[in-house]
Amino acid sequence: MNEDTRKLLLTGLVGILVGAAIGLLLGWSLWPVQWINATPVDLRTDLQQDYMKMAVDSFRVNGDANLAAYRYGLLGVDGPAALAAVAPSEDPNVLAAFQQAIAAVPTPVPTQAQTNGGTGTSMSTIGTILIGLGVLAIFAVIAGAVFYLFRSGRGSGERSAASKATEYSRSVQKTDYVAMGEEPPIAQFVTTYMVGDDLFDDSFSIDSPAGEFLGECGVGISETIGVGDPKRVTAFEVWIFDKNDIQTVTKVLMSPHAFNDPAMRAKLESKGELIELVPGKQVVLETATLQLSAAVADAQFGEGPLPPQSFYERMTLELAIWTKA
């Protein structure tokens, strides 16, 4: 993933987080949800007990068995527990009469309209629907962001430097060593760097014709020059790892400007042998059992305020590996 994609993705994630924060602020602080026309079954346990006490006390005053049964029924499945909780504090005679009343009169089950003031839809159902819609909206935003990040570039014809480099590598014709009368390599790779691919670091597995793992090789950015984005690469590292060797062999391929700069040479010489990277250059790396030939198939220098031939606009290497006798 290149820098532009990461920036877009980060912007999208920040937008989602900011939107969620604003939503919480509006929903919980400025315009919180206000519940109206709720029934006793929606109350906390202690408030259900207070409601039951009032229902019993009201029955003591008016003796209306039908009203008592209706009020008891509004507690639903919580009715027996609420009645049992308030029983010790009530007048035994009044409590017995209340129990007889609700037992003698069928307890009405409140209709949906009664439980929400006649809207036909319970508040809990509305809440569930709103939550579901909110989740779907979030997924839609995320899916849209992913689609935009990974698809819109293709539709507009804009592609990342890394994807352009990969396509260019596929178009490069590999050296036909057999036609040249030489032994064919056991592995052959082409890798390309293009300016803008700030994370360029290509690696390849080296396997024998029988599929045995022998090692790895690769190319990556070693040093840049100047400031700002995209980075201007002035040196690359080509390396090979041999499973039968104790160390990785590395050579540094430098632009002509960097190669002739004493300060840059002093900075990079600890990484490996320094070699000037120009078109047609061929570099050989050897380990205990492997030999790698890195041929510069293409090298184009960038232009701008930096010194001439100081950084690369494009660079292509062909890596060929042989086993040593």
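Since we're looking at a predicted model, the values are computed, not measured.
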Acceptor/donor pairs from residues 75-94 side chains to any protein atom, 3.5 angstrom cut, sequence neighbours excluded:
{"from": "D78", "atom 1": "OD2", "to": "Q48", "atom 2": "NE2", "distance (Å)": "3.1"}
{"from": "S89", "atom 1": "OG", "to": "V86", "atom 2": "O", "distance (Å)": "2.9"}
{"from": "D91", "atom 1": "OD1", "to": "N93", "atom 2": "N", "distance (Å)": "2.8"}
{"from": "D91", "atom 1": "OD1", "to": "V94", "atom 2": "N", "distance (Å)": "3.4"}

Would you give me the side-chain donor-acceptor pairs under 3.5 Å for residues 299-310, sequence neighbours excluded?
{"from": "S310", "atom 1": "OG", "to": "P307", "atom 2": "O", "distance (Å)": "2.6"}

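Applying the salt bridge (Lys or Arg N to Asp or Glu O under 4.0 Å) test to K251 and every residue at least two apart in sequence or in another chain returns E273. Judged as a side chain to side chain contact (heavy atoms under 4.5 Å, CB included), and not counting sequence neighbours, the contacts of L67 are N62, D64, R71. Partners of E212 by side chain to side chain contact (heavy atoms under 4.5 Å, CB included), not counting sequence neighbours, listed by chain and number: S208, L214, K243.
Between atom CD1 of residue I240 and atom CG of residue L285 there is a gap of 7.0 Å, rounded to the nearest 0.5 Å. The distance from the CG atom of D42 to the CG atom of L47 is 11.5 Å, given to the nearest 0.5 Å. To the nearest 0.5 Å, the span separating CZ on R232 from OG1 on T234 amounts to 12.5 Å. Rounded to the nearest 0.5 Å, atoms CD (E223) and NZ (K267) are 3.5 Å apart. Taking OG1 of T323 as the start and CG of L290 as the end, the distance is 7.5 Å to the nearest 0.5 Å. Separation of atoms OH (Y168) and CZ (R314) is listed at 3.5 Å; rounding is to 0.5 Å.
Residue pairs satisfying the salt bridge (Lys or Arg N to Asp or Glu O under 4.0 Å) criterion with at least one member in residues 316-325, sequence neighbours excluded, are listed as follows: E286-K324.
A donor-acceptor distance shorter than 3.5 angstrom exists from the side chain of R265 to the backbone of F259, with no hydrogens or angles considered. For N260 (side chain) and P256 (main-chain N/O), a donor-acceptor pair under 3.5 Å exists by modelled atom type. Not a single donor-acceptor pair under 3.5 Å links the side chain of K271 to the backbone N or O of E237. Formation of a donor-acceptor pair under 3.5 Å by the D197 side chain with backbone atoms of A161 is not found in this model. Between the side chain of D298 and the main chain of T316, no donor-acceptor pair closer than 3.5 Å is present. A donor-acceptor distance shorter than 3.5 angstrom exists from the side chain of S169 to the backbone of T192, with no hydrogens or angles considered.
Taking the side chain as every heavy atom from C-beta outward, M264 and L268 approach each other to under 4.5 Å. Two residues are said to be in side-chain contact when any heavy atoms from C-beta on lie closer than 4.5 Å; M254 and D261 fail this criterion. At least one side-chain heavy atom of L319 sits under 4.5 Å from a side-chain heavy atom of L292. A 4.5 Å side-chain heavy-atom check between Y72 and F59 finds every atom pair outside the cut-off. F311 is not listed as a side-chain neighbour of S255, based on a closest heavy-atom distance of 4.5 Å or more.
V238 and V249 fall within a single hydrophobic cluster, where Ile, Leu, Val, Met, Phe, Trp and Tyr side chains are chained together by heavy-atom contacts under 4.5 Å. With hydrophobic clusters built from ILVMFWY side chains whose heavy atoms lie under 4.5 angstrom apart, Y51 shares a cluster with I102. Under a hydrophobic clustering in which Ile, Leu, Val, Met, Phe, Trp and Tyr are joined whenever their side-chain heavy atoms come within less than 4.5 Å, directly or via other members, F241 and F204 fall into different clusters. Hydrophobic clustering, with ILVMFWY side chains joined whenever heavy atoms are under 4.5 angstrom apart, groups I221 together with L277. V296 and V233 fall within a single hydrophobic cluster, where Ile, Leu, Val, Met, Phe, Trp and Tyr side chains are chained together by heavy-atom contacts under 4.5 Å.
Residues S205 and F189 approach most closely at O-CZ, 3.5 Å, considering heavy atoms. Contact detail for P230 and G196: the closest heavy-atom pair is CB-CA, 3.6 Å. The shortest heavy-atom contact between Y177 and P185 is CD1-CD, 3.7 Å. Considering all non-hydrogen atoms of both residues, F98 and A55 come closest at CE1-O, 3.9 Å.
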Show, in sequence, the C-alpha distance, side-chain angles and deciding distance for L253 and L317, and conclude whether the side-chain contact (heavy atoms from CB on, under 4.5 Å) test is met. CA-CA 11 Å; L253 310 182; L317 282 181; 3.8 Å; yes
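Proximity of the aromatic rings of Y193 and Y312 is defined here by a centroid distance below 6.0 angstrom, and this criterion is not met.
With no hydrogens or angles considered, a side-chain donor-acceptor pair links T287 and D242 at under 3.5 Å.
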